[in-house]
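Step one of this worksheet: look at the structure below.
Residue numbers start from 1 in every chain, and the chains themselves are labelled A, B, ... in the order their sequence lines are given, proteins ahead of strands. When reading the values below, keep in mind they use all heavy atoms of this one structure, side chains included, and skip hydrogens, waters and symmetry mates. None of these values were measured; they are calculated from a predicted model.
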Amino acid sequence: MAAADPVRYSVYVGNIPYHTSNNDLGNFFSQAGQVVNVRLVNDRETGRPKGFGFCEFADEAGAQNAINILNGADFNGRQLRVNWANK
DNA sequence: CTTGAGCGT
């Protein structure tokens with residue numbers, strides 16, 4: 001199905017606690033599938049974490065699985081918001 | 001040493 005693949009298998013991750021690190025999210029998303037890349041978006045000028053990021057999976061199944069399991073899952077006291085990325 | 005909806009140096 002992948003009818004509307006955004007660009008590669010990137011998933012949007014939101015509602016991330018500011019105490020979360022790049023490696024922590026990659027470890028957490030490894031539960032769903034093989035994580036190819038994890039990027040936490042932080043403000044380039046202020047240096048403050050925006051609280052969300054993007055996770056890239058090896059295939060669509062892993063990304064879809066992450067959305068099914070990790071979406072709404074409790075992470076460091078916050079519920080992660082996992083969804084398909086737009087851009 | 002701060003914040004809390006969002007879609008990216």
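- Residue pairs that meet the side chain to side chain donor-acceptor pair (under 3.5 Å) test with at least one member in residues 18-31 of chain A, sequence neighbours left out, are A:T20-A:N76.
- For A:Q79 against A:G72, the heavy-atom pair with the smallest separation is NE2-O, 3.2 Å.
- Across the protein-nucleic acid pair, A:Y12 atom OH and B:dG6 atom P stand 8 Å apart, rounded to whole Å.
- Residues of residues 26-42 of chain A that place a heavy atom closer than 4.0 Å to DNA chain B, in numerical order, are A:R39, A:V41, A:N42.
- Take A:Y12 and apply the ring-ring contact (aromatic ring centres under 6.0 Å, His included) test, not counting sequence neighbours, and it matches A:F52, A:F54.
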Open item on the list: Evaluate A:V38 against A:V13 for side-chain contact (heavy atoms from CB on, under 4.5 Å), listing each step before the verdict.
Closed with: CA-CA 10 Å; A:V38 181; A:V13 188; over 6 Å; no
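- Toward the 5' end of DNA chain B, the nearer of the two residues A:G51 and A:R44, judged by each one's closest nucleotide, is A:G51.
- The distance between atom CG of A:N71 and atom P of B:dC7, rounded to the nearest whole Å, is 16 Å.
- At distances below 3.5 Å, not a single donor-acceptor pair connects side-chain atoms of A:N15 with backbone N or O atoms of A:R81.
- Counting heavy atoms from C-beta outward, A:L80 and A:L25 have side chains that approach closer than 4.5 Å.
- A:L25 places its CG atom 15 Å from the C1' atom of B:dC7, with the value rounded to the nearest Å.
- When rounded to the nearest whole Å, the span between CZ of A:R81 and P of B:dG4 equals 14 Å.
- Near DNA chain B, defined here as any heavy-atom distance below 4.0 Å, the residues from residues 73-80 of chain A are A:R78, listed numerically.
- Between A:R48 atom CZ and B:dT3 atom C1' there is a gap of 7 Å when expressed in whole angstrom units.
- One interatomic measurement links the two molecules: CG of A:D43 to C1' of B:dT2, which rounds to 14 Å at whole-angstrom precision.
- Shown for residues 15-23 of chain A: residues whose heavy atoms fall under 4.0 angstrom of DNA chain B, namely A:N15, A:I16, A:P17, A:Y18.
- The interatomic distance linking A:F54 (CZ) with B:dG6 (P) rounds to 13 Å, in whole Å.
- What you find for A:A73 and A:F28 is that their closest heavy atoms are CB-CZ, 4.3 Å.
- Closest approach of A:A32 to A:G62, counting heavy atoms only: CB-O, 4.0 Å.
- Separating the CD1 atom in A:I69 from the CD atom in A:Q64 is a distance of 10.5 Å, to the nearest 0.5 Å.
- A distance cut-off of 5.5 Å between ring centres, combined with a plane angle under 30°, leaves A:F52 outside any stacking arrangement with the base of B:dG6.
- Nearest heavy atoms, A:V35 versus A:C55: CG1-SG, 3.6 Å.
- The side chain to side chain donor-acceptor pair (under 3.5 Å) pairs that include a residue from residues 34-46 of chain A are A:D43-A:T46, where partners are two or more places apart or lie in different chains.
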